[in-house]
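Remember, predicted model here, so these are calculated numbers, not experimental data. Proteins get letters first, then strands, A, B, ... in listed order; numbering begins at 1 in each.
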Protein chains: 2
Amino acid sequence: MSEAKPIKVVLIDNHPLVLDGLRAVLETFPHIEVVGTAGLALTGLEVAVKTNPAVVLIDINMPKLSGIDAIELFKVKLPHCRIVMLSMHDSREYISASVLHGASGYILKDVSTDEIVTAIETVAAGRTYFSSGVSDVLLERRPSEPANPLTTREHDVLMLLASGKSNRDIAQSLSLSEATVETHRKNIKKKLGISTTAGLIRYAIDNGFSLSDG
Amino acid sequence: MSEAKPIKVVLIDNHPLVLDGLRAVLETFPHIEVVGTAGLALTGLEVAVKTNPAVVLIDINMPKLSGIDAIELFKVKLPHCRIVMLSMHDSREYISASVLHGASGYILKDVSTDEIVTAIETVAAGRTYFSSGVSDVLLERRPSEPANPLTTREHDVLMLLASGKSNRDIAQSLSLSEATVETHRKNIKKKLGISTTAGLIRYAIDNGFSLSDG
DNA sequence: AACCGCCTACCCAGTAGTGGGTAGGCGCAG
DNA sequence: CTGCGCCTACCCACTACTGGGTAGGCGGTT
């Protein structure tokens with residue numbers, strides 16, 4: 001890659017450890033320049049507007065504003081900036097969602113740091129990069145793992161469910177009938193192919209619906 | 001700190017990102033030398049036996065063998081090696097357990113990398129290091145958060161519960177009556193002050209009872 | 001206009017979990 | 001040997017959740 005013009009990168013992750021670590025690793029590559037880091041999506045957006053990076057690496061699972069929701073904001077403010085999603089958890093459900101929202105890359109947690117460098121190079125060159133497990137999901141689209149996982153409302157219900165609330169609590173929180181919450185819950189289960197409440201909560205936490213992770 | 005003799009450190013974490021990142025950060029400090037890394041507790045033990053580090057940084061929540069269980073093994077094989085627990089999740093429940101098992105330090109996830117360096121320096125100097133939130137737990141020991149949370153059997157039940165099993169499933173798995181499982185579940189709830197199943201599962205996953213994180 | 005997906009809401013019968021007891025057996029500490 | 005904590009197991013009434021329906025309203029697409 002061209003050594004005259006380093007690739008400007010902004011990193012966004014709510015784990016300071018990952019942030020500092022990633023920066024340290026990337027700074028050993030002369031053709032990559034970390035121009036900014038942030039612990040929140042909105043802070044990251046501010047940083048990116050100031051520094052105009054070629055690539056933004058953003059964690060998909062963050063408090064307040066999730067990485068997926070942030071994609072659109074980045075696309076509006078920085079149309080030429082390319083976004084790579086970083087998933088520390090197993091959020092395979094959201095790969096297609098990320099792509100649809102305009103992400104140029106998606107890297108799963110079980111990736112080496114070398115692969116991250118490759119990903120940055122690739123998307124900076126105008127192509128897309130998806131780590132091994134991800135491309136499978138995009139190509140296969142098996143009926144057991146539907147591409148459009150949950151609706152907004154179902155997402156809300158699952159989030160509250162995962163935070164330890166009962167159907168009744170959720171109904172109150174969202175100003176709904178308890179019956180409606182039950183319907184949502186039923187549909188979620190059907191969509192995800194999960195039968196027990198416990199499994200549902202596991203799924204929610206594994207996929208970053210959690211509120212307590214910040 | 002003495003620059004002639006760098007502090008030898010082994011890092012153990014099942015996230016390659018954290019591992020590589022931490023290594024990269026620590027290698028910028030001349031008085032710290034990362035002599036090995038591992039993604040599993042047992043692999044880490046092998047590495048440590050070969051390299052004889054002064055300090056081992058180990059993630060508390062890992063598949064197969066948890067960080068806490070690993071402490072004892074390290075203490076046997078490497079009595080002079082000092083162990084710092086690294087908790088990416090909020091495992092405050094296990095702080096006292098770690099200390100009792102012989103850990104010299106405990107760092108919560110919301111820590112900066114600078115603080116990790118300080119922790120390594122401190123425990124290498126023969127003292128103990130606990131990040132801010134941790135020392136509170138050790139000193140306070142509030143009645144609402146008892147030091148001995150769960151019995152062995154309750155632990156078993158909670159683990160299966162968190163993996164998505166119903167009372168009936170658990171009863172079969174442990175060769176118990178369903179009624180007994182319900183009794184255990186009741187006692188767990190009472191002890192932890194959690195009323196809903198959802199909350200129980202959250203607790204289990206947050207505190208590293210999870211089986212699926214590998 | 002017709003259709004579709006989503007959100008809302010209810011019915012029903014059945015099953016699962018809750019929260020309050022009690023209680024015997026077992027092993028260990030005083 | 002007495003007491004204590006733990007594991008086991010059950011009773012009961014009550015509440016919550018399940019899994020199968022149906023269905024009206026709303027907004028966007030064709």
Side-chain angles (χ1 to χ4, degrees), chain A residues 68-69 72 93-94 96-97 100-101 141 143-205 209, chain B residues 93 96-97 100 143 146-205 209:
Chain A
I68 287 183
D69 294 336
E72 308 217 40
E93 279 295 330
Y94 285 90
S96 9
L100 285 175
H101 283 72
R141 192 167 297 201
S144 62
E145 280 185 84
N148 64 333
L150 299 180
T151 67
T152 316
R153 214 52 169 163
E154 287 163 355
H155 187 282
D156 294 344
V157 170
L158 184 51
M159 203 160 69
L160 289 166
L161 190 64
S163 71
K165 294 194 186 304
S166 65
N167 283 353
R168 182 173 294 170
D169 295 336
I170 297 169
Q172 284 182 344
S173 295
L174 300 178
S175 302
L176 291 178
S177 152
E178 209 175 317
T180 306
V181 177
E182 281 177 0
T183 304
H184 283 311
R185 193 197 269 231
K186 273 183 250 182
N187 291 333
I188 295 169
K189 284 184 173 177
K190 206 175 287 174
K191 280 187 183 177
L192 301 179
I194 294 169
S195 60
T196 66
T197 306
L200 217 47
I201 294 166
R202 279 210 69 80
Y203 174 90
I205 295 172
F209 286 71
Chain B
E93 277 296 328
S96 7
L100 285 175
N148 65 332
L150 300 180
T151 67
T152 317
R153 213 53 169 163
E154 286 162 357
H155 186 281
D156 293 344
V157 170
L158 183 50
M159 204 160 68
L160 289 167
L161 190 63
S163 71
K165 294 194 186 302
S166 66
N167 284 352
R168 182 173 295 169
D169 296 335
I170 297 169
Q172 283 182 345
S173 295
L174 300 178
S175 302
L176 291 177
S177 150
E178 209 175 318
T180 306
V181 177
E182 281 178 1
T183 304
H184 283 311
R185 193 197 269 230
K186 273 183 248 182
N187 291 333
I188 294 169
K189 284 183 173 177
K190 207 175 285 175
K191 280 188 184 176
L192 300 178
I194 294 170
S195 60
T196 66
T197 305
L200 218 45
I201 295 166
R202 274 211 70 80
Y203 174 90
I205 294 171
F209 287 70

Taking the side chain as everything from C-beta on, heavy atoms only, tell me whether B:L174 gets closer than 4.5 Å to B:V181.
no
Separation of D:dC6 C1' from B:D156 CG (nearest whole Å)
13 Å
How close or far is atom C1' of D:dG20 from atom CZ of A:R185, stated in whole angstroms?
17 Å
Tell me which residues in residues 167-182 of chain B lie within less than 4.0 Å of DNA chain C, going by non-hydrogen atoms.
B:N167, B:R168, B:E182
Output the rounded distance in Å from CZ (B:R153) to C1' (D:dC7).
8 Å
Gap between atoms CG and P, on B:L158 and D:dC7 respectively (whole Å):
13 Å
Look at the side chain of A:T183 and the backbone N and O of A:A179, then say whether any donor-acceptor pair between them is shorter than 3.5 Å.
yes
Interatomic distance where CG belongs to A:L161 and C1' belongs to D:dA16 [whole Å]
13 Å
A:T151 side chain reached by A:K191 side chain, heavy atoms, under 4.5 Å
yes
Quick one: list whatever passes side chain to side chain donor-acceptor pair (under 3.5 Å) with A:S166, sequence neighbours left out.
A:D169
Between NZ of B:K165 and P of C:dG17 the distance, given in whole Å, is 13 Å
What does A:T183 touch in the nucleic acid at a heavy-atom separation under 4.0 angstrom: a base, only the sugar-phosphate, or nothing?
base
For C:dC7 and A:T151 - does any side-chain N or O of the residue sit under 4.0 Å from the phosphate oxygens OP1/OP2?
yes
Residue list, side chain to side chain contact (heavy atoms under 4.5 Å, CB included) with B:L200, at least two apart or on another chain
B:L158, B:L161, B:R185, B:I188, B:K189, B:L192, B:I194
Rounded to the nearest 0.5 Å, how far does CD1 of B:I170 lie from CD of B:E182?
10.0 Å
Check: C:dG20 base within 3.5 Å donor-acceptor of B:K186 side chain
yes
How close or far is atom C1' of C:dC7 from atom NZ of A:K191, stated in whole angstroms?
11 Å
Gap between atoms NZ and P, on A:K189 and C:dA16 respectively (whole Å):
12 Å
Stepwise side chain to side chain contact (heavy atoms under 4.5 Å, CB included) check, B:R153 with B:L176
CA-CA 11 Å; B:R153 213 53 169 163; B:L176 291 177; 3.9 Å; yes
